[in-house]
Amino acid sequence: MNDKPTQLSEEEQKLFGDLMPEDYREIIDSGLNRRHFLKLVGLASAGLLAGHLIGAQRAFARGVALGEIEELPAFAIENGVNVSFKVNANPVHITVDSRMTLLDALRERLGLTGSKKGCDHGQCGACTVITGGNRVLSCLTLAATCEGKTIITVEGLAKDGQLNPVQQAFLDHDGFQCGFCTSGQICSAVALMKEAKEGQASYATANVRTTPAPVVLSRTEIAERMSGNICRCGAYSNIVDAIQAAQTGKSEEPNWQTL
């Protein structure tokens, strides 16, 4: 480690001042440490860092304007299908191959790369997005089946410059390491909050015959309901902590128990 903090350019100082105001003075005086780096990774996965770097006015909720969608030549599309839907509250009209998945349409046609292609077989959950309030695996969903639907990706979770409570909880509890699965984990957790509010049952529900009522999520419930999202780094305990904190508003010290 260097004794002297790294000198930051004016642009870098402005970036840290905007994104991490609570850590700004420490970064200027002492330089970046691991905690700062992890925050940046989380902000990048939420789309905030990229938004500032390209000068976007609405951070981490990048709009998709029709003029930005590249039209492909006719010979590049087989079995073309015209599809209209909303992505992060923005209307989208594109022509896609009838076999194109929603994940590929989001990443390759709309430039929304927050949703990751992990296994491409529906087994890891890295591609999870929210459709109609429910989580879906975008690598197993055909774009052509999304006509008229509303889709939310990780880029659209923040509102008016404020992180979604789940995003903030993941930052507070270090619910990520490499960050590759984080966007899918967060989207799944956001939809999970809706499931719990509606009292939807899971395999861990003690009595499925009771009248549905809001569920206060236990660690066992969270582990079961999030089991379709794989974290190859093994940050599961922190992810559970983050989801519990997002639902209850209470931040508890980690107990380091293996789930």
> Roughly how far apart are T128 OG1 and K116 NZ, rounded to 0.5 Å?
13.5 Å
> Got a second to check how far L217's CG is from I222's CD1, nearest 0.5 Å?
5.0 Å
> Any idea which heavy atoms bring S227 and E224 closest together, and the distance?
OG-O, 2.8 Å
> State which residues pass side-chain hydrogen bond (donor to acceptor under 3.5 Å, both in side chains) with R99; sequence neighbours excluded, sorted by chain then number.
E78, D97
> At what distance, to the nearest 0.5 angstrom, does CG of L112 lie from CG of L103?
11.0 Å
> Is there a path from V81 to F85 through hydrophobic residues (I, L, V, M, F, W, Y) whose side chains come within less than 4.5 Å of each other?
yes
> Other hydrophobic cluster members with L137, side-chain heavy atoms of Ile/Leu/Val/Met/Phe/Trp/Tyr under 4.5 Å, chained?
L140
> Sequence neighbours left out, what passes side-chain hydrogen bond (donor to acceptor under 3.5 Å, both in side chains) with E147? Give chain and number order.
none
> Please determine if R219 and D241 form a salt bridge, counting it only when a charged side-chain N lies under 4.0 Å from a carboxylate O.
yes
> Are more than 12 heavy atoms, taken from residues, nucleotides or ligands other than K194, located less than 6.0 Å from that residue's NZ atom?
yes
> Roughly how far, to the nearest 0.5 Å, is CD1 of I239 from SG of C181?
5.5 Å
> What residues form a side-chain hydrogen bond (donor to acceptor under 3.5 Å, both in side chains) with T150, not counting sequence neighbours?
none
> So, applying side chain to side chain contact (heavy atoms under 4.5 Å, CB included) with L157, which one of I130, N88, L163 is it?
I130
> Could you work out, with side-chain hydrogen bond (donor to acceptor under 3.5 Å, both in side chains) as the rule, every residue matching N79, not counting sequence neighbours?
none
> Sequence neighbours left out, what passes salt bridge (Lys or Arg N to Asp or Glu O under 4.0 Å) with R135? Give chain and number order.
E195
